[in-house]
Amino acid sequence: MPTERDKMLAGELYEPLDAELVAARLRARDLCQELNAGREADQELRRRILQELFGAGGDSAWIQPPFYCDYGSNIFLGQRVFFNFNCVVLDVCRVTIGDFSMFGPAVQIYAATHPMNAELRRQQEFGKPIEIGADVWVGGGAIICPGIKIGSRTVIGAGSVVTKDIPDDVFAAGNPCRVVRGIAE
């Protein structure tokens with residue numbers, strides 16, 4: 001029988017107040033609080049926290065606090081991923097980010113979502129995984145919705161709300177976010 005965590009990671013409806021999930025969120029919040037309270041000069045402490053927090057990539061990520069996430073362990077970063085101030089990742093499902101991707105201030109990545117049915121929404125939620133390619137730049141204040149895939153080398157304009165997949169090698173912007181043009185080297 002699958003656990004609530006198994007159901008959550010599979011994108012199925014799950015009980016968010018399950019004891020195992022509550023404990024995992026508390027762990028992540030404690031680590032985020034420690035990261036956010038740390039001094040800029042204490043890079044060794046930050047590195048230790050990021051390695052403990054993330055599923056992968058904490059060894060080379062550059063996070064400018066404050067940073068917030070639900071679990072952290074469902075965030076898989078490539079090499080040298082950068083998050084500027086005040087980013088949020090709701091990682092109830094896997095969030096995968098490729099090498100050298102950059103996120104401006106206040107970017108929000110939402111793998112979490114809720115049922116449309118109000119009665120069901122009172123007790124359960126679900127999520128959809130997010131995949132962001134390598135060398136992506138997401139401008140400040142952008143929101144990436146559940147289940148989205150963003151291709152490599154793509155640029156997402158500041159303030160965009162990404163509700164549909166975006167291919168490789170494009171500049172996309174707006175609400176809803178749409179491809180504006182290709183990017184030529």
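Predicted, not measured: the structure shown is a model, and the values here were computed from it. Residues: numbered from 1 along the sequence shown.
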**Message:** Going by the rule side-chain contact (heavy atoms from CB on, under 4.5 Å), which residues pair with Glu44 if we only count those two or more places apart in sequence or in a different chain?
**Reply:** Asp42
**Residues which pass side-chain contact (heavy atoms from CB on, under 4.5 Å) with Glu125, listed by chain and number, not counting sequence neighbours** = Tyr14, Pro16, Val92, His114
**Asked** What residue pairs, at least two apart or across chains, pass side-chain hydrogen bond (donor to acceptor under 3.5 Å, both in side chains) with a residue in residues 92-105?
**Response** Arg94-Thr96
**Message:** Measuring from atom CG of Leu53 to atom CZ of Arg46, what distance do you get when rounded to the nearest 0.5 angstrom?
**Reply:** 13.5 Å
Show me the donor-acceptor pairs within less than 3.5 Å that the side chains of residues 76-86 make with the rest of the protein, sequence neighbours left out.
unit_1 : atom_1 : unit_2 : atom_2 : d
Gln79  : OE1    : Ser60  : OG     : 3.4

**Request:** Could I get the full list of ring-ring contact (aromatic ring centres under 6.0 Å, His included) partners for Tyr71, not counting sequence neighbours?
**Result:** none
**Item:** Pairs flagged by salt bridge (charged side-chain N to carboxylate O under 4.0 Å, His left out) wherever residues 48-77 is involved - sequence neighbours left out
**Value:** Arg29-Asp70, Glu34-Arg48, Arg48-Glu52
**Asked** Is any side-chain heavy atom of Ile132 less than 4.5 Å from a side-chain heavy atom of Phe103?
**Response** yes
**Asked** Do you know which two heavy atoms are closest between Val136 and Val138, and how far apart they sit?
**Response** CG1-CG2, 3.8 Å
**Item:** Listed partners of Phe171 passing ring-ring contact (aromatic ring centres under 6.0 Å, His included), at least two apart
**Value:** none
**Request:** Rounded to the nearest 0.5 Å, what's the gap from CE on Met8 to CD on Glu4? Could you check?
**Result:** 10.0 Å
**ring pair (Phe, Tyr, Trp, His ring centres under 6.0 Å): pairs with one or both residues in residues 25-61, sequence neighbours excluded** = Phe54-Phe67
**Contacts of Asp168 that satisfy salt bridge (Lys or Arg N to Asp or Glu O under 4.0 Å) - sequence neighbours left out** = Arg153
**Message:** Once side-chain contact (heavy atoms from CB on, under 4.5 Å) is applied, do any residues pair with Pro176, and if so which ones, sequence neighbours excluded?
**Reply:** Thr163
**Request:** Output the rest of the hydrophobic cluster of Leu13: all Ile, Leu, Val, Met, Phe, Trp and Tyr residues reachable through side-chain heavy-atom contacts under 4.5 Å, sorted by chain and number.
**Result:** Leu120, Phe126
Under 3.5 Å donor-acceptor pairs involving side-chain atoms of residues 140-149, not counting sequence neighbours:
none

